[in-house]
Amino acid sequence: CKYPPGLYGKVHIMKKTLCLILALVICLSLCACGAAEGGSAAVENTAAATATMQVGYGKVNITPTYSVGLASSGDEKNRRSTGLISYVFATCIAVRFGGETYLVYTVDTISMPEELMKILRDAISSTCPEVKPENIFLAATHTHSAPANAIADNEAEGKYRTEFINYLPQAAKLAVKDLAPATMSACKFNLEGMNFVRHYTLDDGTFLIDIPEKMEIDQTVDVEEMFK
């Protein structure tokens, strides 16, 4: 597959969203940790910074109760759910720091196109007015065994898309309500055989996916922990 510049293919969506989430975590880490060279003053500033950070968690079951279309790829066409093996969820972490509240979502779905993310951010911000739309970060788990919420070409899909848009603000409300003082730590390490990069960027800004000879190994794993 070749995606033109500006088109949010499923890989591009996840890459952009996860980069934004990582940037948020790094910024919060830097603010909370401060500069070690500052001696006792830096320690005092760090203590003050971490004391003002709050974290909350929310989780909502987004499993439909009726048959819906599932994500398809390759030769899989018109896949539909026929029963329930496990539930799918939308989880939300709320972080309040420096007078701003941020929401970081992980959602069990194949992808979230740009137009859907805008609708979701507006709906979430309307439910939680203290959260600006630009402070809401959305990431899909890219599961192929969950509803393809972006498809609304029949009654069942349109019904679920509406439910999906209503589900995510509920997770935000739970996360904001759960806010409490917290501290955060982060680390990075390599895990052999863990991952590879599926897309290859061309000189014209487009990119290809699933080209074996172009795939680069990426064994870097970032871990962030928040303690309440």
Side-chain angles (χ1 to χ4, degrees), residues 8-25 28 53-72 80-81 84-97 100-180 182 224 226 228:
Y8 284 78
K10 57 188 179 182
V11 177
H12 196 183
I13 294 170
M14 293 189 67
K15 178 186 176 184
K16 181 178 181 181
T17 306
L18 292 175
C19 285
L20 289 172
I21 293 172
L22 181 58
L24 169 62
V25 171
L28 291 175
M53 186 175 74
Q54 293 181 305
V55 173
Y57 176 77
K59 182 178 181 179
V60 174
N61 188 331
I62 62 173
T63 310
T65 57
Y66 45 85
S67 176
V68 295
L70 303 177
S72 301
R80 299 195 66 80
S81 60
L84 177 64
I85 296 176
S86 61
Y87 295 103
V88 290
F89 296 93
T91 61
C92 177
I93 295 176
V95 179
R96 182 169 290 165
F97 190 86
E100 296 278 0
T101 302
Y102 303 86
L103 300 178
V104 181
Y105 277 87
T106 301
V107 185
D108 287 329
T109 186
I110 183 68
S111 65
M112 284 182 283
E114 186 79 352
E115 57 88 18
L116 179 59
M117 288 196 288
K118 183 182 186 306
I119 293 172
L120 289 169
R121 288 191 177 101
D122 290 342
I124 294 165
S125 187
S126 295
T127 302
C128 300
E130 68 271 36
V131 183
K132 301 174 183 176
E134 60 266 29
N135 289 347
I136 300 170
F137 303 89
L138 299 158
T141 59
H142 197 63
T143 175
H144 283 247
S145 297
N149 59 72
I151 301 174
D153 56 0
N154 60 50
E155 184 177 349
E157 268 57 57
K159 179 180 178 181
Y160 182 75
R161 180 184 169 96
T162 300
E163 293 177 356
F164 181 85
I165 293 170
N166 291 331
Y167 281 137
L168 269 65
Q170 297 176 31
K173 288 179 65 175
L174 293 173
V176 170
K177 183 178 179 180
D178 188 54
L179 282 167
E224 292 80 28
M226 296 182 178
K228 295 174 62 178

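For this chain, numbers begin at 1 and follow the sequence in order.
In this structure, Leu70 and Pro147 approach most closely via the heavy-atom pair CD2-N, 4.0 Å. What you find for Ser81 and Ser67 is that their closest heavy atoms are O-OG, 2.9 Å. The minimum heavy-atom distance between Leu120 and Ile165, with the atom names listed, is CD2-CA, 3.8 Å. Closest of all the heavy-atom pairs between Leu179 and Ala94 is CD2-O, 3.6 Å. Pairing each heavy atom of Tyr105 with each of Leu168, the nearest pair is OH-O, 2.6 Å. Between Leu103 and Cys92 the shortest heavy-atom distance is CD2-SG, 3.8 Å.
Once rounded to the nearest 0.5 Å, the distance linking CD1 of Ile62 with CG of Asn166 reads 12.5 Å. We find the CE-CD1 distance between Met117 and Ile136 to be 12.0 Å, quoted to the nearest 0.5 Å. The structure places CE of Met112 at 12.5 Å from CD1 of Ile119, a figure rounded to the nearest 0.5 Å. Atom OH in Tyr102 sits 9.0 Å away from atom CZ in Phe97 (nearest 0.5 Å). Summarising the geometry, atom OH belonging to Tyr167 is positioned 11.5 Å from atom CZ belonging to Phe89; distances are rounded to the nearest 0.5 Å. To the nearest 0.5 angstrom, Ile124 atom CD1 is 11.0 Å from Gln170 atom CD.
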For this session: Kindly indicate, with the supporting measurements, whether the criterion side-chain contact (heavy atoms from CB on, under 4.5 Å) is fulfilled by Val176 and Arg96.
Result: CA-CA 9 Å; Val176 170; Arg96 182 169 290 165; 4.0 Å; yes

Exercise. Is there a side-chain contact (heavy atoms from CB on, under 4.5 Å) between Lys159 and Val68 once you walk through the steps?
Worked result: CA-CA 10 Å; Lys159 179 180 178 181; Val68 295; over 6 Å; no

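Residues Lys173 and Cys128 form a side-chain contact, since some pair of their non-hydrogen atoms from C-beta on lies under 4.5 Å apart. Looking at Ile110 and His142, their side chains come closer than 4.5 Å, going by heavy atoms from C-beta outward.
Between the Glu163 side chain and the Pro64 main chain, no donor and acceptor come within less than 3.5 Å of each other.
Atom OH of Tyr87 has 12 or fewer neighbouring heavy atoms from other residues, nucleotides or ligands inside a 6.0 Å radius.
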